[in-house]
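Note sheet for the following structure.
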Amino acid sequence: GEVRTDFAITRQVLRECPQVKGVTMVLGNIDVRFHICRLGADWKMMYDKWKEFGDSLGIEVEYSLPWPVEYEERKVPNIGMYKGKPFYGSRQERLDLVLRIRDYMDKKGMLTVSYPEEWYNVEPEKYAKEYMQRGRNVHLSPVHYRRHALWTDPKVSYVA
């Protein structure tokens with residue numbers, strides 16, 4: 001939605017908060033499993049517009065990579081569903097998409113922050129139980145937030 005509105009909400013927030021010197025922008029796993037996989041959205045266009053917007057701000061902008069996609073057997077709340085379905089695309093398709101997004105962001109020179117790369121290799125059910133919030137939730141557990149975990153330094157490219 002923000003891409004379609006030329007980031008109107010984010011622009012408004014930044015106008016109201018002129019003291020902001022930098023921002024981390026996030027497209028999350030819901031964007032992958034619904035907006036891109038379900039709609040077949042042109043994700044490269046989305047990321048191009050996202051970077052253009054970030055470049056226009058005149059402050060430091062870092063972009064967070066969507067984290068590894070969830071375990072499909074995990075129960076999610078109704079708010080995490082679209083027309084009663086929690087996931088679009090297979091787990092492998094979503095993972096492949098996240099890896100393509102990562103490579104594209106690196107090629108575009110986006111200042112990217114990311115969770116530890118080893119998260120890609122965690123068995124899906126274990127990932128859901130150990131990294132995601134408990135219960136019927138679609139969010140990362142706070143103990144694994146960037147401020148607590150060994151996420152990448154946005155100043156250093158993590159793609160070899």
Side-chain angles (χ1 to χ4, degrees), residues 1-15 17 20-72 74 76 79-122 124 127-128 131-132 137-140 144-147 149-160:
E2 277 286 273
V3 172
R4 284 193 306 260
T5 66
D6 193 32
F7 304 91
I9 294 170
T10 306
R11 288 182 192 281
Q12 178 64 33
V13 169
L14 291 173
R15 275 193 298 277
C17 302
V20 171
K21 305 248 186 288
V23 64
T24 301
M25 295 195 292
V26 179
L27 283 177
N29 61 3
I30 197 165
D31 298 297
V32 169
R33 63 190 166 94
F34 284 167
H35 305 137
I36 297 174
C37 290
R38 179 179 61 84
L39 298 172
D42 181 353
W43 62 269
K44 287 183 179 179
M45 177 276 300
M46 291 169 57
Y47 278 80
D48 290 345
K49 288 187 179 289
W50 201 27
K51 179 158 183 352
E52 288 171 20
F53 169 64
D55 289 348
S56 77
L57 294 177
I59 59 175
E60 183 174 300
V61 176
E62 48 184 38
Y63 305 86
S64 181
L65 184 68
W67 61 80
V69 293
E70 308 100 314
Y71 176 55
E72 291 159 335
R74 181 180 175 85
V76 297
I79 196 165
M81 295 193 189
Y82 182 80
K83 294 190 175 182
K85 189 172 178 181
F87 299 97
Y88 286 81
S90 69
R91 182 183 187 284
Q92 189 62 50
E93 289 169 328
R94 296 188 312 270
L95 178 58
D96 290 346
L97 175 60
V98 168
L99 294 174
R100 288 194 314 272
I101 288 170
R102 179 189 70 180
D103 292 344
Y104 191 74
M105 290 171 74
D106 191 56
K107 287 177 188 165
K108 297 289 288 184
M110 297 170 83
L111 187 62
T112 306
V113 62
S114 180
Y115 41 79
E117 189 151 343
E118 57 268 12
W119 287 13
Y120 290 123
N121 301 316
V122 176
Y127 178 83
Y131 292 84
M132 303 297 288
N137 200 301
V138 295
H139 296 103
L140 190 64
H144 294 291
Y145 284 0
R146 179 181 179 188
R147 65 182 173 260
L150 299 174
W151 288 44
T152 61
D153 181 339
K155 306 286 187 237
V156 178
S157 175
Y158 58 89
V159 177

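We use all heavy atoms of the structure for the numbers below, so side chains are in, but hydrogens, waters and symmetry mates are not.
Closest non-hydrogen pair, Val98 versus Leu65, comes out as O-CD1, 4.0 Å. Scanning both residues, Val122 and Arg91, for their nearest heavy atoms gives O-NH2, 4.3 Å. Heavy atoms only, all atoms of each residue included: Lys51 and Met110 are closest at CD-CG, 3.4 Å. When all heavy atoms of Tyr131 and Leu140 are compared, the closest pair comes out as O-CD1, 3.2 Å. Nearest approach of Phe7 to Lys49, heavy atoms of both residues: CE1-O, 3.6 Å. Residues Arg11 and Ser56 approach most closely at NH1-OG, 4.0 Å, considering heavy atoms.
Distance check, rounded to the nearest 0.5 Å: NZ of Lys44 to CE of Met46 gives 14.0 Å. Going from atom CD1 of Ile101 over to atom CG of Asp106 covers 13.5 Å, rounded to the nearest 0.5 Å. Rounding to the nearest 0.5 angstrom, the gap separating the CD atom in Glu117 from the CG atom in Leu99 is 8.0 Å. Summarising the geometry, atom CZ belonging to Arg100 is positioned 10.0 Å from atom CG belonging to Leu95; distances are rounded to the nearest 0.5 Å. Separation of atoms CD (Glu2) and OG1 (Thr10) is listed at 3.5 Å; rounding is to 0.5 Å.
Residues Tyr63 and Met105 meet the side-chain proximity criterion, which asks for heavy atoms closer than 4.5 Å.
Not counting sequence neighbours, the partners of Arg15 by the side-chain hydrogen bond (donor to acceptor under 3.5 Å, both in side chains) test are Gln12. Here Val23 pairs with Met25, Leu57, Ile59, Val61 under the side-chain contact (heavy atoms from CB on, under 4.5 Å) rule; sequence neighbours left out.
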* Applying ring pair (Phe, Tyr, Trp, His ring centres under 6.0 Å), run through Trp50 and Phe53 and close with a yes or a no. => CA-CA 5 Å; Trp50 201 27; Phe53 169 64; 9.2 Å; no

* Asked: Please walk me through it: do Asp55 and Glu52 pass side-chain contact (heavy atoms from CB on, under 4.5 Å)?
  -> CA-CA 5 Å; Asp55 289 348; Glu52 288 171 20; 5.7 Å; no

* Asked: So Glu93 and Asp96, side-chain contact (heavy atoms from CB on, under 4.5 Å) or not? Walk me through it.
  -> CA-CA 5 Å; Glu93 289 169 328; Asp96 290 346; 5.7 Å; no

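Note: Trp119 and Tyr115 have parallel aromatic rings, judged against thresholds of 30 and 60 degrees for the angle between ring planes.
The pair Asp103-Lys107 does not meet the salt-bridge criterion, since no charged nitrogen lies less than 4.0 angstrom from a carboxylate oxygen.
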